[in-house]
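In this chain, residues are counted from 1 in sequence order.
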Amino acid sequence: MFILVSVINYIKERKMKKLIFIILIIVCNSFLIFGQPDNPTKDDSTKQTKTELNKNWLFGELGGNGSMLSVNYERYFSRNLSFRIGMGTAIISVAGAFPVMINYSYKNILEFGIGLVPFIGAATGDWRIRFLNRKESGLLLTAVIGFKRINKGFIYKLSLTPFFNTDGAKWGLTGGISFGFTL
């Protein structure tokens, strides 16, 4: 019994020593943090050159996700992820396309995105007959793969935009060129 009590006391004493040691380390580190000298830094050492990410973009697009001509607003939520909404027309007929997309930018050069394009009053001609199944309205799945250039508050994009019509299970491919500016 004496041996058991001695072992229990040894373990308690040993754990207590570890606890006291940990508390001592924390206290000493706290004093080291607050014990730093108040030497002001030089002005030039605190300045950093950093590329400012503009969060709001407004741009026009010829071709692409919004039919023949569209106006789009893009909002960046992080450095690489953005949400885009637009309003487009086919110019020739009374057609409207409204792209809603989520885009990912890689190093502000490449852009990848997926989204939906509701359309009303489908365009006339071969495109309507082959791709839209003669529908006057519907919903298309779309994507974007492209290059972009941002320069002094202006944006330039060149993209491929595939479409998928779930109603007729048909694919289409268009391209677009965009010009815009930061808001």
Side-chain angles (χ1 to χ4, degrees), residues 43-44 46-183:
D43 240 3
D44 60 350
T46 59
K47 292 181 184 176
Q48 296 179 2
T49 57
K50 182 171 121 177
T51 303
E52 187 85 17
L53 176 67
N54 296 315
K55 294 189 174 208
N56 299 302
W57 292 94
L58 185 65
F59 59 93
E61 185 173 36
L62 297 170
N65 299 102
S67 195
M68 291 296 291
L69 179 64
S70 66
V71 176
N72 300 277
Y73 170 76
E74 192 165 4
R75 168 76 176 170
Y76 277 85
F77 293 107
S78 69
R79 184 155 186 80
N80 299 330
L81 193 62
S82 67
F83 173 76
R84 170 185 166 187
I85 188 165
M87 183 173 69
T89 182
I91 301 174
I92 299 168
S93 65
V94 185
F98 308 96
V100 178
M101 303 185 70
I102 298 290
N103 294 333
Y104 177 80
S105 297
Y106 178 73
K107 293 188 177 182
N108 278 337
I109 297 171
L110 296 175
E111 183 176 46
F112 306 97
I114 58 171
L116 301 171
V117 180
F119 66 91
I120 302 169
T124 58
D126 193 39
W127 174 261
R128 179 179 172 204
I129 294 168
R130 278 188 305 120
F131 184 68
L132 300 177
N133 292 338
R134 301 179 193 265
K135 298 275 183 167
E136 289 295 322
S137 64
L139 185 67
L140 302 173
L141 301 175
T142 189
V144 65
I145 302 165
F147 297 99
K148 70 178 180 177
R149 170 97 172 145
I150 299 172
N151 188 10
K152 297 180 183 177
F154 291 97
I155 188 167
Y156 312 97
K157 294 183 181 186
L158 183 62
S159 58
L160 285 174
T161 55
F163 288 96
F164 181 69
N165 185 351
T166 57
D167 187 32
K170 293 185 180 178
W171 287 93
L173 180 65
T174 64
I177 186 166
S178 306
F179 303 98
F181 56 92
T182 185
L183 294 177

R84/N65 under side-chain contact (heavy atoms from CB on, under 4.5 Å): CA gap, chis, key distance, verdict: CA-CA 11 Å; R84 170 185 166 187; N65 299 102; 3.3 Å; yes

Shortest non-hydrogen contact between G66 and E61, atoms and distance: N-OE1, 4.2 Å

Ignoring hydrogens, what is the shortest heavy-atom contact between S82 and E74? Give both atom names and the distance. OG-OE2, 2.6 Å

Please check if atom CZ in F77 has more than 12 non-hydrogen atoms from other residues, nucleotides or ligands closer than 6.0 Å. yes

Would you call the rings of F179 and Y156 parallel, tilted or perpendicular if under 30° counts as parallel and over 60° as perpendicular? perpendicular

Side chains of S159 and E111: closer than 4.5 Å at any heavy-atom pair? no

To the nearest 0.5 Å, tell me how far N103 CG sits from F112 CZ. 11.0 Å

With a 4.5 Å limit on heavy-atom distance, are the side chains of T89 and M68 in contact? no

Considering only heavy atoms from C-beta outward, does the side chain of F163 approach that of T161 to under 4.5 Å? yes

Would you mind reporting whether M101 and N72 have side-chain heavy atoms less than 4.5 Å apart? no

Hey, what do you get for CG (L69) to CE (M87), rounding to the nearest 0.5 Å? 10.0 Å

Before giving the answer on side-chain contact (heavy atoms from CB on, under 4.5 Å), spell out for F98 and V117 the whole-Å C-alpha distance, their side-chain angles and the decisive distance to 0.1 Å. CA-CA 5 Å; F98 308 96; V117 180; 5.9 Å; no

Heavy-atom closest pair, residues T174 and G64: OG1-O, 3.7 Å

Do R149 and F147 have side chains that get closer than 4.5 Å, going by heavy atoms? no

Looking only at heavy atoms, the pair that brings L139 and F119 closest together is N-CE2, 3.7 Å

In this structure, which one of W57, F59, F154 forms a side-chain contact (heavy atoms from CB on, under 4.5 Å) with T182? W57

Just so I know, are the side chains of Y106 and N80 near enough to count as touching, which here means a heavy-atom distance under 4.5 Å? no

Within a radius of less than 6.0 Å around CG of L62, do more than 12 heavy atoms belonging to other residues, nucleotides or ligands occur? yes

Smallest separation among heavy atoms of T142 and L116, with atom names: CG2-N, 4.2 Å

Here the gap from N108 atom CG to R79 atom CZ, rounded to the nearest 0.5 Å, amounts to 5.5 Å

How long is the gap from CH2 on W171 to CG on L140, to the nearest 0.5 Å? 11.5 Å

